[in-house]
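Below is one structure, written out as structure tokens; the observations come after it.
Note that the structure is a prediction, hence the values are computed from the model and not measured.
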Amino acid sequence: MSFKAAAVQMCSGVDPAKNAAAMARLVREAVAQGATYVQTPEMTGMLQRDRAAARAVLTDEARDIIVKTGSELARELRIHMHVGSTAIALADGKIANRGFLFGPDGRILNRYDKIHMFDVDLDNGESWRESASYTAGSEARVLSLPFAEMGFAICYDVRFPALFRAQAVAGAEVMTVPSAFIKQTGEAHWEILLRARAIENGVFVVAAAQAGRHEDGRETFGHSMIIDPWGTVLASAGATGEAVIVAEIDPGAVKAAHDKIPNLRNGREFSVEKIAGAVAGGVAA
């Protein structure tokens, strides 16, 4: 059965309560456009580079305002509400970068903790060490919903195709990639990576993004996207500011893509052997 999916683009600041209010306003706008599944970006609840300031306002899952608001919106609007992720305080003093999918009754149907940590050093001097504060997840899931089989990823996970392939092999028809891509890497790779994950697995990709200049000084790339199994961009937002994009998702298109190019079935086991390069007189044995 087809359904309307929405990706909500935000510019989250340092105050979780203000971000929750912005989320609620944008989700209502998405539902007014017919969406029954709505996704928000990575770190919907707060983008805050100051670790001490972030820890001062973080709470556990039971008290988190974004979790509470997400549940209330799902129940009130009778939708599947996907908080792409928010920062959740853990008992060991670290933080989870955790996504939540709420059913129309407000219950949590799935949690996903981001598996791959964004630990990078870029040419412009930007350096990020997500692992210094966050505990990496270790479990991927494919969730059976009334309208589709759904897989989960968050932001930097998109650079690890094995995660997407494993979920596609397990039956995922829609892959979700809520993100807060920084501008430098977004300009270079955002659309290419999302379309590649859709094409190589024959799945829909829904990616809600953070966008613009944030209160903590970082700049995110925006361009939230919904992409079909053939790699066509069905909907896309701009580079800055809030936005809501909506597209029709037909899981039947996944089967059609797999029938045309059955690479999930055609994959084969193989070994890799590392050998020496050419040497004088021929190739090393």
Spacing of [X] atom [atom1] and [Y] atom [atom2] [to the nearest 0.5 Å]:
{"X": "L194", "Y": "S236", "atom1": "CG", "atom2": "OG", "answer": "10.0 Å"}
{"X": "F152", "Y": "L163", "atom1": "CZ", "atom2": "CG", "answer": "11.5 Å"}
{"X": "Q167", "Y": "L143", "atom1": "CD", "atom2": "CG", "answer": "11.0 Å"}
{"X": "L145", "Y": "Y37", "atom1": "CG", "atom2": "OH", "answer": "9.0 Å"}
{"X": "Q48", "Y": "R55", "atom1": "CD", "atom2": "CZ", "answer": "12.0 Å"}
{"X": "I245", "Y": "M225", "atom1": "CD1", "atom2": "CE", "answer": "8.0 Å"}

Considering only heavy atoms from C-beta outward, does the side chain of [X] approach that of [Y] to under 4.5 Å?
{"X": "T36", "Y": "R78", "value": "no"}
{"X": "K4", "Y": "I249", "value": "no"}
{"X": "V14", "Y": "L47", "value": "no"}
{"X": "M1", "Y": "P251", "value": "no"}
{"X": "I226", "Y": "V205", "value": "no"}
{"X": "R197", "Y": "V158", "value": "yes"}
{"X": "V31", "Y": "I79", "value": "yes"}

Same cluster or not: [X] versus [Y], using hydrophobic residues (I, L, V, M, F, W, Y) connected whenever any side-chain heavy atoms lie under 4.5 Å apart?
{"X": "L90", "Y": "I115", "result": "no"}
{"X": "I66", "Y": "L26", "result": "yes"}
{"X": "I88", "Y": "V57", "result": "no"}
{"X": "M150", "Y": "V83", "result": "no"}
{"X": "Y112", "Y": "M175", "result": "yes"}

Spell out, as yes or no, whether a donor-acceptor pair under 3.5 Å connects the side chain of [X] to the backbone of [Y].
{"X": "E242", "Y": "M10", "result": "no"}
{"X": "R107", "Y": "F102", "result": "no"}
{"X": "T40", "Y": "V8", "result": "no"}
{"X": "D157", "Y": "I154", "result": "yes"}
{"X": "T69", "Y": "I65", "result": "yes"}
{"X": "N19", "Y": "G45", "result": "yes"}
{"X": "W190", "Y": "H223", "result": "yes"}
{"X": "D259", "Y": "P262", "result": "no"}
{"X": "T59", "Y": "D64", "result": "yes"}
{"X": "Q9", "Y": "S224", "result": "yes"}

Could you tell me which non-hydrogen atom of [X] sits nearest to which non-hydrogen atom of [Y], and how far apart they are?
{"X": "S179", "Y": "C155", "result": "OG-CA, 3.3 Å"}
{"X": "K94", "Y": "A132", "result": "CE-O, 4.2 Å"}
{"X": "E200", "Y": "P161", "result": "OE2-CB, 3.6 Å"}
{"X": "G106", "Y": "A74", "result": "CA-CB, 4.3 Å"}
{"X": "A96", "Y": "Y134", "result": "C-CD2, 3.9 Å"}
{"X": "A35", "Y": "A5", "result": "CB-C, 4.4 Å"}

Pair [X], [Y]: side-chain N/O donor-acceptor within cut-off below 3.5 Å:
{"X": "Q210", "Y": "S12", "result": "yes"}
{"X": "H189", "Y": "R159", "result": "yes"}
{"X": "N97", "Y": "E130", "result": "yes"}
{"X": "S85", "Y": "R98", "result": "no"}
{"X": "H214", "Y": "T220", "result": "yes"}

Would [X] and [Y] pass as an ion pair if we require N to O under 4.0 Å?
{"X": "E215", "Y": "K18", "value": "no"}
{"X": "R75", "Y": "D105", "value": "no"}
{"X": "K68", "Y": "E72", "value": "yes"}
{"X": "D216", "Y": "R218", "value": "yes"}
{"X": "K114", "Y": "E42", "value": "yes"}

If we check side-chain contact (heavy atoms from CB on, under 4.5 Å) with F100, which of these qualifies: H82, M81, R111?
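For F100, the side-chain contact (heavy atoms from CB on, under 4.5 Å) test succeeds with only one of H82, M81, R111, which is R111.
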Hey, is CZ on R129 packed in by over 12 heavy atoms from elsewhere, all under 6.0 Å?
yes
What do the steps show when you test V233 against R195 for side chain to side chain contact (heavy atoms under 4.5 Å, CB included), and what is the final call?
CA-CA 8 Å; V233 178; R195 294 181 71 190; 4.0 Å; yes
Y156 vs F160 aromatic rings, parallel, tilted or perpendicular, using cut-offs 30° and 60°?
perpendicular
What is the ring orientation for F147 with F3, classed by angle as parallel under 30°, tilted 30 to 60°, or perpendicular over 60°?
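Tilted: the ring planes of F147 and F3 meet at 30° to 60°.
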Just do the side chain to side chain contact (heavy atoms under 4.5 Å, CB included) check on V174 and V206 with the steps written out, would you?
CA-CA 7 Å; V174 179; V206 182; 4.0 Å; yes
With K260 as the cation and W230 as the aromatic partner, state whether NZ or CZ is under 6.0 Å from the six-membered ring centre and within 45° of the axis.
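Ring-cation test returns yes.
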Check against side chain to side chain contact (heavy atoms under 4.5 Å, CB included), N263 and N201
CA-CA 8 Å; N263 62 329; N201 295 300; 5.9 Å; no
Could you walk me through whether M46 and T86 pass side chain to side chain contact (heavy atoms under 4.5 Å, CB included), step by step?
CA-CA 7 Å; M46 178 175 57; T86 197; over 6 Å; no
